[in-house]
Amino acid sequence: MNTVTTKAPAAPATRPLRADAARNQQRILEAARELFATRGLEITLDDVAEHAGVGVGTVYRRFSNKQDLIAGVFEKHVDDMAGQAELALDIPDPWQGLVQFFEYMCRHMAENRGLGEVLMTLDGQQNRFACVRERMEPAVTKVIDRARDAGELRPDAEAQDFFATIHMVDWIADFARTVHPEVWRRYFSIMLDGLRADSRPRQPLTVGPMTFEQVHEAKSACFGRRR
């Protein structure tokens, strides 16, 4: 008796977006990117729709919720950061590799309010970012271990210390953004000095501090956003 083998039906091919739908998706992503950068993650899908000039239903058709939109906007940013950690290991000088990587991290967080918030909540985005975390965390640890083993970094410094300190720099960048957007570089240098081995030269402070007037103005702008 012959056995008839029945093939499982092939999975339907993913249909490409129509030209107008593709344009709308790009507008939504660009609008979300701008709003996340300037206002952080507290924006709503209604805000994105208004900024993009599309109906909110159009946003929901492309992204089922805000977390999906956040992942769509920031996935490449986070992936680029993981790649930068790996590139830092190719720099012959271990200290310069460490400085270059963390300057990249702090600069991009200073320019984009939402990025720091995303990095703080990677655990809530396991499906989209798990592979990036698996790349980033070992690479960052190697960057730090290499500098410490070379005697450039204080012997008790650990990778977790850099997670905390870059978020300290991100805080001052957010606080001073409207009055002195480059002042974070001053505190980045001070941070590196605190982590460098005692016998090594200090980082030059190439950016001046905020004036008292700027501090008061920054307070008004920062805490005005929270009301």
Side-chain angles (χ1 to χ4, degrees), residues 33 36-37 40-41 67-68 70-176 182-207:
R33 190 173 292 115
F36 286 140
L41 301 188
Q67 291 302 316
D68 208 23
I70 288 170
V73 169
F74 288 106
E75 196 164 11
K76 187 174 186 309
H77 280 299
V78 177
D79 190 55
D80 286 347
M81 287 185 168
Q84 287 294 320
E86 293 161 358
L87 287 174
L89 295 171
D90 293 331
I91 297 173
D93 184 320
W95 178 252
Q96 288 307 313
L98 181 147
V99 171
Q100 180 171 303
F101 171 64
F102 285 102
E103 191 275 340
Y104 176 94
M105 290 279 289
C106 291
R107 174 162 45 85
H108 279 72
M109 290 169 65
E111 293 170 354
N112 191 321
R113 284 186 62 196
L115 184 55
E117 295 176 48
V118 166
L119 292 178
M120 287 290 286
T121 58
L122 278 184
D123 287 339
Q125 294 285 346
Q126 287 291 338
N127 292 336
R128 296 295 291 268
F129 292 126
C131 62
V132 177
R133 289 181 67 241
E134 288 168 8
R135 283 178 57 204
M136 181 183 283
E137 290 178 1
V140 170
T141 299
K142 286 179 184 177
V143 169
I144 292 164
D145 288 349
R146 189 174 71 132
R148 186 177 57 240
D149 293 345
E152 299 288 347
L153 194 63
R154 55 187 296 166
D156 54 355
E158 299 289 348
Q160 298 90 329
D161 296 320
F162 283 84
F163 176 82
T165 50
I166 62 173
H167 284 288
M168 294 178 196
V169 174
D170 182 45
W171 185 89
I172 193 65
D174 186 42
F175 176 74
E182 292 294 306
V183 77
W184 66 268
R185 294 183 179 278
R186 180 179 180 85
Y187 301 100
F188 174 70
S189 296
I190 292 172
M191 175 198 80
L192 289 177
D193 282 350
L195 290 164
R196 196 152 199 202
D198 289 341
S199 61
R200 301 305 184 192
R202 305 295 91 179
Q203 293 287 119
L205 298 180
T206 59
V207 176

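Index from 1, following the sequence.
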Please round to the nearest 0.5 Å and tell me the distance separating atom CG of Leu153 and atom CH2 of Trp95.
6.0 Å
Using modelled atom types and a 3.5 Å cut-off, is there a donor and acceptor pairing between side-chain atoms of Arg186 and backbone atoms of Val207?
yes
dist Ile70:CD1 -> Gln67:CD (nearest 0.5 Å) comes out at 4.5 Å
Under the ring-ring contact (aromatic ring centres under 6.0 Å, His included) rule, collect the residues that match up with Phe101, sequence neighbours excluded.
none
List the steps, then state whether side chain to side chain contact (heavy atoms under 4.5 Å, CB included) holds for Leu41 with Phe74.
CA-CA 11 Å; Leu41 301 188; Phe74 288 106; 3.9 Å; yes
Give me the atom names and distance for the closest heavy-atom approach of Val143 to Ala88.
CG2-CB, 3.9 Å
How far does CD of Gln84 sit from CD of Glu103, to the nearest 0.5 angstrom?
10.0 Å
For Asp156 and Arg154, the nearest pair of non-hydrogen atoms, with its separation, is OD1-NE, 2.7 Å
Rounded to the nearest 0.5 Å, how far apart are CZ of Arg196 and CZ of Arg202?
7.0 Å
Shortest non-hydrogen pair, Asn112 vs Ala37, comes out as OD1-CA, 3.3 Å
List the atom of Ala197, the atom of Gly151, and the distance in Å for their closest heavy-atom pair.
CB-O, 3.2 Å
Verdict with reasoning, Ile144 to Thr141, per side chain to side chain contact (heavy atoms under 4.5 Å, CB included)
CA-CA 5 Å; Ile144 292 164; Thr141 299; 6.0 Å; no
Return all side-chain donor-acceptor pairs below 3.5 angstrom for residues 158-169, not counting sequence neighbours, or 'none' if the list is empty.
| from | atom 1 | to | atom 2 | distance (Å) |
| --- | --- | --- | --- | --- |
| Asp161 | OD2 | Glu158 | N | 2.7 |
| Thr165 | OG1 | Asp161 | O | 3.0 |
| Thr165 | OG1 | Phe162 | O | 3.3 |

Asp170 versus Met109, closest heavy-atom pair with distance:
OD1-O, 3.4 Å
Going from CD on Glu111 to CZ on Arg107, what distance comes out if it is rounded to the nearest 0.5 angstrom?
6.0 Å
Indicate yes or no: at least one non-hydrogen side-chain atom of Pro94 is less than 4.5 angstrom from one of Arg148.
no
Residues Met81, Leu115; criterion side chain to side chain contact (heavy atoms under 4.5 Å, CB included); working and verdict
CA-CA 11 Å; Met81 287 185 168; Leu115 184 55; 3.2 Å; yes
In a table with atom names and distances, give each donor-acceptor pair under 3.5 Å that connects a side chain of residues 187-194 to protein atoms at least two apart or in another chain.
| from | atom 1 | to | atom 2 | distance (Å) |
| --- | --- | --- | --- | --- |
| Ser189 | OG | Arg185 | O | 3.2 |
| Asp193 | OD1 | Gln203 | N | 2.6 |

Return the CD to CG distance between Glu152 and Leu98, rounded to the nearest 0.5 Å.
9.5 Å
Assess the residue pair Gln100 and Tyr104 against the criterion (side chain to side chain contact (heavy atoms under 4.5 Å, CB included)); give the C-alpha distance rounded to whole Å, side-chain angles, the decisive distance to 0.1 Å, and a yes or no.
CA-CA 6 Å; Gln100 180 171 303; Tyr104 176 94; 5.7 Å; no
